[in-house]
Amino acid sequence: MDTMETVETVESFPRIISVDDHTVEPPHVWQDRLPSKYRDSGPRIVRAPLKEMTFLGGKFAPVMGERGDEGPVGDWWVYEDLHRPLTRLDTAVGYSRDEIRLEVITYEQMRPGSYSVPERLADMDVNHVQSALCFPTFPRFCGQTFTEAADRELGLLSVRAYNDWMVEEWCGPAARGRLIPLTLVPLWDAELAAAEVRRNAARGVRAVAFSEIPPHLGLPSIHTDYWDPFLAACDETGTVVAMHIGSSSRMPSTSADAPPAVGSTITFANCCFSMVDWLMSGKFERFPRLRVMYAEGQIGWIPYILERADVVWEENRGWGGVADKVHRPPSELFAEHVYGCFFDDAFGLRNLGAIGVGNVLYETDYPHSDSTWPKSKEVGESQMAHLRGDVVERIVRGNAIGLLGLTESGLWAG
């Protein structure tokens, strides 16, 4: 039977393994782990008023006021010269869509599951989620906060401190294997990045965050050999390269005055551009065990891009600069190396046959404003009702188990 043939509705929806949720780091993460000489310059929380804040043309621009100034009060991460507030968009679950606005908040104003393991597990239970891989908040989606900092020694220590917290505390014993670690690397040095991949792989970590488009961060592209030490480490250890929308610090937009709704509609665009980069880079042939995934990119756009990439490779590779390094159709490379992630994409699921059952992962995006919490099960049941039960099982959990090296029951064993 074809995987796309209509069959009876799945009677028991599988327990979800979400490959894209988020943690809001507690205030103590770096204060508890950095050397004492860095306590006053490393990441720390300060409660202060908001002076002004805009989010236009894909650029987020907050300005922190001084103590005693007028304005709404929120908790701010302060690190070197950076002032970054916690916002309602960081943790919007539990609020109606009409109540979600771009505003500063304090820890007391967010759902505790955003930053506390016991409450997170409880919210996962409410949402039919068994296990979850969580991207960072303050470091941003691939740790570019530390790459942009002036003090490289402090930046490296901060990356390692985050990873230690992620593995030992967030995904520690209290999580009972239900939280899956995702670590960071110092992007400014590919050799250091490789060493950090190996350090974390030695303690069971199988996913590392990376930028969808590194040149947007002022870093070399994947068409160079700069990243080869990092990619070799991922290939060697079976570490998945996880790229989240916005991990290039530039959300898609059309103009400097475009409202956030424009960018929110086309968030998949960076994933689209990035995937073509990887397919035409030759890296998948140089590193045959390498796997990459696109968090929150949705999947409906993938079939056409694969079709177009194959045509370009077939007809234009002679002058297109890829004949000497891409020796197979891009769609074949995609099937072996790339995973698309979605939380709400009925169109993509109707075209699953053109993507590949084995290349799709499910997510809930807790606690962001786009999250399907607490109805991720209901959304999945509705959008996957036409699929066979074994196909649903693979999408909702089976593919993630294989990709992330989880136990057969879907837990992280460390």
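Reckoned from all heavy atoms, side chains included, excluding hydrogens, waters and symmetry mates.
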Item to complete: Start with the C-alpha gap between R203 and E168, add the side-chain angles, then the distance that decides, and say whether salt bridge (charged side-chain N to carboxylate O under 4.0 Å, His left out) holds.
Response: CA-CA 10 Å; R203 47 185 177 177; E168 299 167 5; 3.2 Å; yes

Query raised in the report: Within the side chain of S371, is there an N or O that forms a donor-acceptor pair under 3.5 Å with the backbone of T364?
Result: yes

Note: F347 and G300 closest approach over all heavy atoms is CE2-O, 3.6 Å

Rounded to the nearest 0.5 Å, the CG atom of L361 sits from the CD1 atom of I16 at a distance of 13.0 Å

Notebook entry, point to check: Going by atom types alone, do D345 and Q383 pair a side-chain donor with an acceptor below 3.5 Å?
Noted result: no

Check: Is there a side-chain contact between T183 and R199 (heavy atoms, below 4.5 Å)?
Finding: no

Taken to the nearest 0.5 Å, the spacing of T137 OG1 from Y115 OH works out to 13.5 Å

dist E169:CD -> L179:CG (nearest 0.5 Å) comes out at 11.5 Å

Of all heavy-atom pairs linking I17 and G410, the shortest is CD1-CA, 3.8 Å

Margin query: If we ignore hydrogens and angles and just use 3.5 Å, is the side chain of W30 paired with the main-chain N or O of Y38 as donor and acceptor?
Written below: no

The residue among N351, I355, N359 that forms side chain to side chain contact (heavy atoms under 4.5 Å, CB included) with I299 is I355

May I ask you to test the T372-D365 pair for a side-chain heavy-atom distance under 4.5 Å? no

Q.
Main chain of R152, side chain of W188: is a donor-acceptor contact present, judged purely on distance under 3.5 Å?
A. no

Only one of E80, R84, R140 passes side-chain hydrogen bond (donor to acceptor under 3.5 Å, both in side chains) with T145, and that residue is R140

Between F210 and W227, does the ring centre distance come in under 6.0 Å?
yes

Correct closest heavy-atom pair for C142 and L187 would be O-CD1, 3.6 Å

Check: Are any non-hydrogen side-chain atoms of W301 and M275 less than 4.5 angstrom apart?
Finding: yes

message = Looking at K51, I'd like to know if its NZ atom is crowded, meaning that more than 12 non-hydrogen atoms belonging to other residues, nucleotides or ligands lie closer than 6.0 Å.
response = no

State, with a plain yes or no, whether a side-chain heavy atom of S248 is found less than 4.5 Å away from one of N270.
yes

- Would you confirm whether W76, through its side chain, and A48, through its main-chain N or O, come within 3.5 Å as a donor-acceptor pair? yes

Flag the pair Y226 / P214 as yes when at least one side-chain heavy-atom distance between them is below 4.5 Å, and no otherwise.
no

Heavy-atom closest pair (S247 atom, E212 atom, distance to 0.1 Å) is OG-N, 3.0 Å

Heavy-atom distance under 4.5 Å between the side chains of M384 and Y362, does that happen here?
-> yes

Worksheet entry | Side chain proximity check, K283 to D228, heavy atoms < 4.5 angstrom | yes

- prompt: Do the side chains of F334 and I305 get nearer than 4.5 Å, heavy atoms only?
  reply: no

Salt bridge (Lys or Arg N to Asp or Glu O under 4.0 Å) pairs touching residues 22-31, sequence neighbours excluded, are none

d(D20 CG, L133 CG) to nearest 0.5 Å is 8.0 Å

side-chain contact (heavy atoms from CB on, under 4.5 Å) assessment of I302 paired with F342: CA-CA 12 Å; I302 292 175; F342 77 100; over 6 Å; no

Scanning both residues in full, the closest heavy-atom pair of E191 with P229 reads OE2-CG, 3.5 Å

*asked:* Checking R160 against E196 for the salt bridge (charged side-chain N to carboxylate O under 4.0 Å, His left out) test, could you report, in this order, the C-alpha distance in whole Å, the side-chain angles of both residues, the deciding distance, and whether it holds?
replied: CA-CA 8 Å; R160 290 175 174 167; E196 191 63 12; 3.7 Å; yes

Practice item. Ignoring hydrogens and angles, tell me if any N or O in the side chain of D235 forms a donor-acceptor pair with the backbone of R289 under 3.5 Å. Key: yes

Open item on the list: Quick one, D98 with S96, criterion side-chain hydrogen bond (donor to acceptor under 3.5 Å, both in side chains). Give me CA distance, side-chain angles, the key distance, then yes/no.
Closed with: CA-CA 5 Å; D98 290 337; S96 74; 5.5 Å; no

| message | Has R394 got a side-chain atom pairing as donor or acceptor with R397's backbone, closer than 3.5 angstrom? | response | no

CG (L182) and OH (Y162) are apart, to the nearest 0.5 Å, by 6.5 Å

Step-by-step ring-ring contact (aromatic ring centres under 6.0 Å, His included) determination, Y79 to F146: CA-CA 9 Å; Y79 171 47; F146 304 122; 5.6 Å; yes

Between the main-chain N or O of A201 and the side-chain N or O of R206, is there a donor-acceptor pair closer than 3.5 Å? yes

Taking distance alone, no hydrogens or angles, what donor-acceptor pairs closer than 3.5 Å link side-chain atoms of residues 120-129 to residues at least two apart or in another chain?
from	atom 1	to	atom 2	distance (Å)
R120	NE	G113	O	2.7
R120	NH1	H22	O	3.2
R120	NH2	H22	O	2.5
R120	NH2	G113	O	3.1
R120	NH2	S114	O	3.4
D123	OD1	R111	NE	3.3
D123	OD1	R111	NH2	3.2
D123	OD2	R111	NE	2.7
D123	OD2	Y366	OH	2.5
D125	OD1	R178	NH1	3.1
D125	OD1	R178	NH2	2.8
N127	OD1	K375	N	3.3
N127	OD1	S376	N	3.0
N127	OD1	S376	OG	3.4
N127	ND2	S376	OG	2.9
H128	NE2	F13	O	2.8
H128	NE2	P14	O	3.2

| said: Using a 3.5 Å distance criterion without hydrogens, assess whether the side chain of Q109 forms a donor-acceptor pair with backbone atoms of T106. | reply: yes

Main-chain N/O of P43 paired with Q31 side-chain donor or acceptor, under 3.5 Å
yes

To the nearest 0.5 Å, atom CZ of F135 lies from atom CD of E363 at 8.5 Å

